Each structure stands twice: as structure tokens, then as C-alpha cells.
2 protein chains.
Amino acid sequence: MSMPPDAGRIYRRYLSAVLLHGQAGAKACDLGATDLYALNILELSGAMTPGELGTRTGLTTGPTTRLIDRLEAAGYVKRSPDPGDRRKVIVEPVGRPAELDRVLAPARQKIGEILAGYSAEQLETLFDYFTRAAQAYQDAGEHLAGGRPEGE
Amino acid sequence: MSMPPDAGRIYRRYLSAVLLHGQAGAKACDLGATDLYALNILELSGAMTPGELGTRTGLTTGPTTRLIDRLEAAGYVKRSPDPGDRRKVIVEPVGRPAELDRVLAPARQKIGEILAGYSAEQLETLFDYFTRAAQAYQDAGEHLAGGRPEGE
DNA sequence: AGATTTCTCTTCTCTGAGGAAGAGATTAAT
DNA sequence: ATTAATCTCTTCCTCAGAGAAGAGAAATCT
């Protein structure tokens with residue numbers, strides 16, 4: 001086998017660092033856990049209605065409205081009327097605001113430097129992995145969220 | 001340049017998927033945001049005192065005690081007396097409990113399958129990246145947490 | 001030894017996020 | 001046209017989690 005002997009440990013450490021950084025960044029922007037969660041959903045799946053967002057986050061309608069209120073007030077999303085159904089609203093992510101970019105910039109810079117050290121083939125491998133892993137995590141996440149809240 | 005034309009988008013999508021999955025998993029285990037945050041700190045930095053953990057999480061002593069109470073009750077950490085200083089307590093992570101492993105298993109399985117499809121050199125590249133990126137994110141995260149809570 | 005500092009824990013209070021129920025507006029069904 | 005269903009939002013209530021202040025135990029300093 002060509003994996004490192006402590007592959008699991010390395011990978012776990014990597015995941016923890018990514019999660020930790022993401023949460024620290026969110027906290028620095030005064031984003032609550034659910035807010036970050038919702039933003040990631042919107043990042044992955046694009047604009048959707050409040051109802052859909054509420055289902056995805058597992059919130060009832062009241063908190064969903066206030067969640068969108070917070071995100072809109074902070075400039076992360078925008079509410080637009082649905083042209084086809086005037087009851088509906090479309091919540092669409094707006095270009096990442098300056099504060100979030102500023103907070104995430106140091107990490108992006110470091111990652112950029114790391115990536116710059118790889119050859120063309122290596123980069124191809126890495127981005128192939130990013131693409132596949134993103135899909136895998138997204139599937140696993142949706143399965144988690146959509147699955148049974150109570151265990152077996 | 002050998003990066004894909006939409007490298008930024010791919011990477012952002014990847015990060016969102018990882019974050020989303022991590023939070024969904026935590027939610028499925030009834031772990032609050034701070035609890036997950038603390039667990040990741042312990043995963044990265046190993047055992048430490050409540051005081052240290054409180055500083056890292058940005059909590060005062062009261063909530064820190066209760067945070068550790070929660071984690072201990074759920075079986076994620078263990079309190080031990082510090083042999084060198086009997087005022088102190090050492091909070092050490094305990095092997096991940098079954099529930100968390102069960103929740104994270106599907107994703108680990110998928111990632112394992114993806115990794116199994118790469119050659120030896122490709123795996124070397126990937127794990128090299130994991131190692132470097134983990135350090136980068138850890139540094140950036142600590143800088144975020146340790147930096148000024150209020151912007152300039 | 002006595003006083004001060006350090007560290008953890010306890011208690012009380014409070015803010016903020018989430019659930020429940022219902023109103024208002026619009027679309028679909030009869 | 002009238003009724004029913006859908007979607008978002010508002011209001012009220014509840015509760016977990018965080019801060020503040022102080023107690024108790026142990027180490028350090030004078």
C-alpha cells in the first residue's frame with residue numbers, strides 16, 4: 001500500500017484544521033453556526049426559497065425567516081420575488097462581502113502558496129480530488145441531514 | 001498555468017462541502033457549535049487544561065467548565081488530575097465514541113474509495129498536501145482566534 | 001508561616017436562537 | 001366564484017449557552 005502508515009491520523013488532523021478554521025472565521029464575522037451552515041448550503045446549491053432553506057437547515061419557518069433576515073442584514077444574501085409565483089421568495093447568495101474575504105484571506109494566501117509549489121500533474125491530481133471529495137461530502141452531508149434524526 | 005480555470009470555484013465548493021458535512025455530523029450527534037470547536041482544538045493540540053481550552057475557545061471559566069462537563073458526559077473527553085500541579089485538571093480527548101464514528105463512517109468510506117483510485121505517486125502528492133494544508137489552516141485559525149476580536 | 005496569586009468550579013442572570021401557532025397573501029382546485 | 005392548499009412572515013414562549021462574580025483548593029512569594 002502506498003498510503004502513509006498514519007494516513008488516518010493525517011487526514012483527521014487535516015479535517016480538524018479545516019473545520020476549526022472555518023468556524024474561527026465565522027466567529028470572527030459574528031456568524032452563528034446555523035448562519036454558516038446556511039451560507040454553505042447556498043454556496044453549494046445556489047439560490048432557493050426560504051422553505052427549501054428551512055428544510056435543508058432543519059428549521060421551522062419562524063427561525064428560517066429570521067435567519068434570512070440576519071444574513072440579508074449582514075449582506076450575505078439578497079431576497080428577490082419569484083417571478084413565477086408571487087407567494088415565493090428567492091434567497092440568493094450575494095458576492096462574499098469584504099469582511100469575510102478579509103478574514104479568509106490569510107488562509108487562502110497560504111493555500112495558494114502551497115498549491116503553487118506543485119507541478120502541473122500534481123495539481124491535476126489535487127483538483128481531481130477536490131472535485132470528487134466535494135461531491136462525496138455533499139452526498140454524505142445530505143444523507144446525514146435528510147436521514148433519521150433519531151438513531152435506528 | 002496548470003490550475004483549472006475555475007480553481008477558486010472548485011476549491012470553495014470543496015471547502016463548503018467539508019464544512020457542511022462536519023456541521024451536519026456534529027448536529028446529528030447533538031454537538032453544539034462550541035462543542036465541535038473544542039473537540040477540534042483537542043484533536044489538533046492534544047490534552048490541555050480547562051484554562052487553556054477556555055482561552056482557545058474564547059470562553060470565560062464558567063462556560064468552559066460546563067463545556068467540559070458536556071463533552072465528558074457524552075464520552076468525548078476525560079478529566080485527569082495534573083500530577084505536577086494539583087489545582088490543575090487535564091482534559092484529554094478519548095477515542096472517538098461509536099456514535100460519532102457511525103455518523104462519519106459513510107463519508108470516510110466514500111473518501112477511502114476515492115483515494116483507493118489513485119496511484120502511489122498521486123497519493124504521495126495528496127497526503128503531502130493534507131499535511132501542509134493542515135498546518136496552514138491551523139496557523140491561520142490560531143491567528144484568527146488569537147488576533148483582535150474587534151477589527152482595526 | 002502568612003499573604004498573594006493561580007486555577008477550577010459554582011451560582012445567578014441574561015441574551016439569543018429555535019419551536020408553536022396563527023395571520024396575510026397568492027395560487028390551485030372544485 | 002368559492003373553497004382549500006401553499007408560502008412567507010409575525011408574535012409569543014421556551015431554553016440552552018455565555019458572562020459576571022465569588023468560593024474553595026493549591027501553589028508561590030516574602
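Remember, predicted model here, so these are calculated numbers, not experimental data. By convention in this document, chain letters (A, B, ...) are assigned in the order of the sequence lines, proteins followed by strands, and residues within each chain are numbered from 1.
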Protein-nucleotide distance ([X], atom [atom1]; [N], atom [atom2]), rounded to Å:
| X | N | atom1 | atom2 | result |
| --- | --- | --- | --- | --- |
| A/Leu67 | D/dC9 | CG | P | 11 Å |
| A/Leu59 | C/dG16 | CG | C1' | 14 Å |
| B/Leu53 | D/dA18 | CG | P | 12 Å |
| B/Arg79 | C/dT8 | CZ | P | 10 Å |
| A/Arg56 | C/dG18 | CZ | C1' | 20 Å |
| B/Arg70 | D/dA16 | CZ | C1' | 8 Å |
| B/Arg86 | D/dG24 | CZ | C1' | 14 Å |
| A/Arg66 | C/dG18 | CZ | C1' | 8 Å |

Take A/Glu113 and B/Arg132, measure what salt bridge (Lys or Arg N to Asp or Glu O under 4.0 Å) needs, and give me the verdict at the end.
CA-CA 10 Å; A/Glu113 287 169 8; B/Arg132 291 176 195 268; over 6 Å; no

Side chain of [X] - closest among [options]:
| X | options | answer |
| --- | --- | --- |
| B/Thr60 | D/dA20, C/dT26, C/dG19 | D/dA20 |
| B/Pro63 | D/dT10, D/dC7, D/dG19 | D/dG19 |
| A/Thr61 | D/dT10, D/dA21, D/dC7 | D/dT10 |

Name the nucleic acid region contacted by [X], choosing base, sugar-phosphate or nothing; use a 4.0 angstrom heavy-atom cut-off, strictly under.
| X | value |
| --- | --- |
| B/Gly51 | sugar-phosphate |
| B/Gly58 | sugar-phosphate |
| A/Thr34 | sugar-phosphate |

SB check B/Lys88 B/Glu52 (cutoff 4.0 Å):
no

May I ask you to say whether A/Lys110 pairs ionically with B/Asp139, meaning some side-chain N is under 4.0 Å from a carboxylate O?
no

Got a donor-acceptor pair under 3.5 Å from the side chain of A/Arg87 to the base of D/dT6?
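Per atom types, the contact qualifies.
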
If you compare every side-chain N and O of A/Thr49 against the phosphate oxygens of D/dT8 (OP1, OP2), does one of them come in below 4.0 Å?
yes

Under a 4.5 Å cut-off applied to non-hydrogen side-chain atoms, are A/Val94 and A/Tyr76 in contact?
no

Short side-chain donor-acceptor distance under 3.5 Å, A/Asp128 and B/Tyr118:
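Yes, side-chain donor-acceptor contact under 3.5 Å.
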
